Number of protein chains: 2
Amino acid sequence: MDTIPDLRSWGGADAYLRTCASRAVLDVIANKWVCLVLGALREETMRFGQLRRRLDGITQKMLTKTLRELERDGLVHRAVYPTVPPRVEYRLTELGQNLGRLMTEIRVWAEEHMPEIQEARERYDERAAQDPMPV
Amino acid sequence: MDTIPDLRSWGGADAYLRTCASRAVLDVIANKWVCLVLGALREETMRFGQLRRRLDGITQKMLTKTLRELERDGLVHRAVYPTVPPRVEYRLTELGQNLGRLMTEIRVWAEEHMPEIQEARERYDERAAQDPMPV
DNA sequence: CTGTATCCCACAAGATACTG
DNA sequence: CAGTATCTTGTGGGATACAG
């Protein structure tokens, strides 16, 4: 079982986390699957398999892990209906919806500016290819 | 030398990246150091060592790598002054400032909501400790 | 259908030492 | 000062098999 990292190292002498909440939150959302799951659930409550298809490319394992983390962080609510076969629905909590709005802003930014990034990369790579990098 | 991963590595039929810009951008910003560097440079142009001290806890290697990626993506400009000892200044490009604003929103959100996340975790862990998890 | 449990590997990332 | 070059370890994450 994957263990969920504990952040209580907070306030301690640790160099990374010390002072700020920002770093703790970044440890939550600086994760592509987390962002994508939040984004997907923003649209509607979804079942596990539905979510899996929606997030084309995610493995069962990563989806489960991501959802558990989000549940632990109070961003996603997990509702189990003890039917057979089992039915599990995931929906954003209020906190999750709140964060989801930020995710949407990121998506909007992404769609608007990705071309510029792509162009910058091509320029950079071209320059790098020309410059005689030392052995 | 660390190579900068190329998006196209997963190209073509891959399930993850294909269509959307969001995923490509998430691969850029879903990274705590990237977020922190952008956040730091939002305040002011900084030299390498200055940045390193500011981002307490980052290693030289990771800072270098992060800055190279950001430079490649056109988010950070790198200015080298061929003095001795060398002086290298990093500043956000316009695109970088633009993204930096999003970073700031994340920081604001973090400071506002981290306590809620922390509480959710404690509740979750307490519940988990009580429930007799199956072997 | 919704998960757990394993095996496995590539790579992210820290520590350390060296250089123009 | 601003990096490179190595070495090593942890872990993110895929593939697969199995279970309630």
Side-chain angles (χ1 to χ4, degrees), chain A residues 1-6 9 14-17 23 26-37 45-71 76 78-90 128 133-135, chain B residues 1-6 9-10 13-17 23 26-28 30-37 45-71 76 78-90 128 131 133-135:
Chain A
M1 172 91 164
D2 289 303
T3 50
I4 298 177
D6 189 352
S9 31
D14 170 57
Y16 171 62
L17 276 176
R23 295 191 176 198
L26 282 177
D27 277 349
V28 175
I29 65 175
N31 173 313
K32 67 185 181 191
W33 293 128
V34 164
C35 294
L36 292 169
V37 167
T45 294
M46 284 173 113
R47 297 182 57 180
F48 187 88
Q50 198 178 353
L51 208 40
R52 182 144 80 113
R53 285 185 298 277
R54 183 68 166 60
L55 303 178
D56 192 27
I58 193 170
T59 59
Q60 220 170 28
K61 178 185 167 182
M62 289 313 296
L63 180 54
T64 299
K65 185 186 164 220
T66 302
L67 287 168
R68 287 289 179 285
E69 288 171 4
L70 291 175
E71 187 193 359
V76 159
R78 177 168 178 267
V80 184
Y81 302 93
T83 59
V84 43
R87 173 186 188 84
V88 181
E89 284 183 352
Y90 293 92
M133 281 300 263
V135 185
Chain B
M1 172 91 164
D2 287 305
T3 50
I4 299 178
D6 188 349
S9 55
W10 286 64
D14 167 62
Y16 172 63
L17 272 177
R23 295 192 175 197
L26 282 177
D27 277 348
V28 175
N31 174 313
K32 67 186 182 192
W33 293 127
V34 164
C35 294
L36 292 169
V37 167
T45 294
M46 285 172 112
R47 299 181 55 177
F48 187 88
Q50 200 177 354
L51 208 39
R52 181 146 80 114
R53 284 185 298 277
R54 183 67 167 57
L55 302 177
D56 192 27
I58 193 171
T59 60
Q60 221 170 29
K61 177 185 167 182
M62 288 313 296
L63 180 53
T64 299
K65 187 188 162 217
T66 303
L67 287 168
R68 287 290 179 283
E69 288 171 4
L70 291 174
E71 188 192 359
V76 158
R78 177 168 178 267
V80 183
Y81 302 92
T83 59
V84 44
R87 173 186 188 87
V88 181
E89 285 184 352
Y90 292 92
D131 292 348
M133 282 299 266
V135 185

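All values derive from a computational prediction rather than experimental measurement. Residue numbers begin at 1 in each chain, while the letters A, B, ... track the order of the sequences.
Judged by distance alone, with hydrogens and angles left aside, B:K61 brings a side-chain donor or acceptor within reach of the base of C:dG14, the pair sitting under 3.5 Å.
Within 4.0 Å of A:Y90, counting heavy atoms only, lie sugar-phosphate atoms of the nucleic acid but no base atom. Residue contacts for A:R78: at a heavy-atom cut-off of 4.0 Å it reaches the sugar-phosphate backbone alone, with no base atom in range. Residue-level contact check: B:R47 touches the backbone only, with heavy atoms under 4.0 Å from sugar-phosphate atoms and none from bases.
Atom CG in A:D27 sits roughly 13 Å away from atom P in D:dT11 (whole-Å rounding). One interatomic measurement links the two molecules: CZ of B:F48 to C1' of D:dT4, which rounds to 11 Å at whole-angstrom precision. When rounded to the nearest whole Å, the span between CD1 of B:I58 and C1' of C:dG14 equals 12 Å. Atom CE in A:M62 sits roughly 10 Å away from atom C1' in D:dT11 (whole-Å rounding). The CG-P distance, from B:L51 to D:dC1, rounds to 14 Å in whole Å. A straight line from NZ of A:K65 to P of D:dG13 spans 6 Å, rounded to a whole angstrom. Atom CD in A:E69 sits about 13 Å away from atom P in D:dT11, given to the nearest Å. If you measure from atom CG of B:L67 to atom P of D:dG3, you get 8 Å, rounded to the nearest angstrom.
A residue-by-residue look at A:N31 and B:Q60 shows that B:Q60 has its nearest nucleotide of DNA chain D further toward the 5' end.
Residue A:T64 has its side chain nearest to C:dT4 when only C:dT2, C:dT4, C:dA13 are considered. Of the listed nucleotides (D:dT4, D:dG14, C:dG20), C:dG20 has the atom at the smallest distance from the side chain of B:P86. Comparing D:dG3, C:dT4, D:dG13 by their closest approach to the side chain of B:R68 singles out D:dG3. Closest to the side chain of A:T59, out of C:dT2, D:dA2, D:dA15, is D:dA15.
With rounding to the nearest 0.5 angstrom, the CD1 atom of B:I58 is 10.0 Å from the NZ atom of B:K65. Annotation: the span from B:K32 atom NZ to A:R23 atom CZ amounts to 8.5 Å, rounded to 0.5 Å. Distance check, rounded to the nearest 0.5 Å: CZ of B:R87 to CD of B:E89 gives 4.5 Å.
When all heavy atoms are compared, the tightest approach of B:W33 to B:T66 is CB-OG1, 3.8 Å. Heavy atoms only, all atoms of each residue included: A:I29 and A:C35 are closest at O-SG, 3.2 Å.
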